[in-house]
There are 2 protein chains.
Amino acid sequence: MKYIEKLRNSGLRPTKQRLQICEVLFDVDETFHFTIYDLAKKIKKKHNNKISLATVYNTVHAFEKKGYLKQIPINSNQTYFDTNVSDHHHFYDLSEEKLIDLKNSDVGPINIKKKIDGKKIKSVEVLVKLED
Amino acid sequence: MKYIEKLRNSGLRPTKQRLQICEVLFDVDETFHFTIYDLAKKIKKKHNNKISLATVYNTVHAFEKKGYLKQIPINSNQTYFDTNVSDHHHFYDLSEEKLIDLKNSDVGPINIKKKIDGKKIKSVEVLVKLED
DNA sequence: AAAGTACTTTATAATGATTCTAAACAAGTG
DNA sequence: CACTTGTTTAGAATCATTATAAAGTACTTT
């Protein structure tokens with residue numbers, strides 16, 4: 001199984017549940033955005049078994065910490081994640097409440113001129129809100 | 001009272017509670033970031049009376065809809081608001097969990113090259129995450 | 001392979017922010 | 001003042017997320 005090593009490298013034991021979650025998240029042609037609830041539904045559909053919500057939360061957070069997933073900064077009642085962990089940005093369609101990827105090359109270079117002493121920049125994320 | 005007209009113009013009745021909230025939010029030299037809970041505490045301290053949390057929520061959301069407040073897109077368990085409604089951006093200091101304003105002039109111009117049919121851009125917000 | 005340990009999963013309970021409800025109240029209008 | 005409409009309120013309800021602790025599984029050591 002191709003995800004066993006990925007998990008091992010992160011100090012996570014390759015359990016049946018984690019492997020199933022990996023398949024849903026990473027065994028696809030295109031990256032996608034999801035909430036925990038979405039993901040739980042997808043797993044149930046694909047593998048025809050239910051993984052405890054607590055496990056889905058734990059695993060997603062472990063993956064996020066390891067850099068396999070990214071949290072998307074957006075104001076919503078639910079937390080959105082992205083399987084696209086490359087440096088990129090987002091449109092947020094307000095009327096449809098949907099996220100759309102914005103490739104890095106679709107946004108001109110961003111120059112942050114202000115510096116904060118003793119801190120370094122970890123990420124620069126742009127959220128472009130869309131209305132009709 | 002200087003906020004009465006502001007409220008009236010927005011179709012909001014100038015009630016005692018709304019005026020008190022206005023004073024806490026807008027009667028200050030510098031703009032600031034806050035959560036609903038922060039705001040409720042500030043009101044209690046400044047006016048020495050308690051406004052129902054439900055009212056604080058209602059009023060903040062009404063103000064946000066009218067453009068008197070801005071929601072800050074950030075992943076946190078609580079929603080952050082900003083009394084600075086001008087076009088600007090934010091640093092988010094991950095270790096101190098604190099927001100810092102980034103003036104528009106501190107960020108080079110942002111050029112969004114991709115267009116979505118039938119949608120127009122409402123806002124462009126940059127979140128710069130800081131680590132130690 | 002058995003035994004021991006450390007990590008995982010799970011159902012369920014707990015938490016905490018936010019929203020809803022419906023009754024009491026205040027503001028605006030004639 | 002009488003009337004309508006908007007507002008406030010405490011408390012209940014909701015919903016995402018986190019904590020708990022018991023049962024299960026993976027890995028290591030013999």
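Just so it is clear: chains get the letters A, B, ... in the order the sequence lines come, proteins before strands, and each one is counted from 1.
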**Message:** What does the B/S/- profile of nucleotides 9-20 of chain C look like, 5' to 3', with a 4.0 Å heavy-atom cutoff to protein?
**Reply:** SBB-----SBBB
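To the nearest angstrom, C1' of D:dT28 lies 12 Å from CZ of A:R8. Atom CG in B:N75 sits roughly 16 Å away from atom P in D:dA16 (whole-Å rounding). The CD atom of B:Q20 sits 14 Å away from the C1' atom of D:dT7 (whole-angstrom rounding). Rounded to an integer number of Å, the gap from A:K65 NZ to D:dT18 P is 11 Å. Here the P atom of nucleotide D:dT9 and the NZ atom of B:K44 are 13 Å apart, to the nearest Å.
Side chains of B:K119 and A:E96 form a contact here, defined as non-hydrogen atoms less than 4.5 Å apart. A heavy-atom distance below 4.5 Å is not found between the side chains of B:V85 and B:F63. Here the side chains of B:F81 and B:H61 are in contact, with some heavy-atom distance below 4.5 Å.
A:D38 and A:T35 share a side-chain donor-acceptor pair at under 3.5 Å.
The terminal axes of the helix from C:dA1-D:dT30 to C:dG30-D:dC1, fitted over 5 pairs per end, subtend an angle of 30° to the nearest 10°.
B:V124 pairs with exactly one of B:I112, B:V107, B:D87, B:N111 by the side chain to side chain contact (heavy atoms under 4.5 Å, CB included) rule, that one being B:I112.
Within a 6.0 Å radius of NZ in B:K114, other residues, nucleotides and ligands contribute more than 12 heavy atoms.
For A:K6 and A:Y68, the positive end sits near the middle of the six-membered ring, less than 6.0 Å away and at most 45° from its axis.
For A:N9, there are no side-chain hydrogen bond (donor to acceptor under 3.5 Å, both in side chains) partners two or more places apart in sequence or in a different chain.
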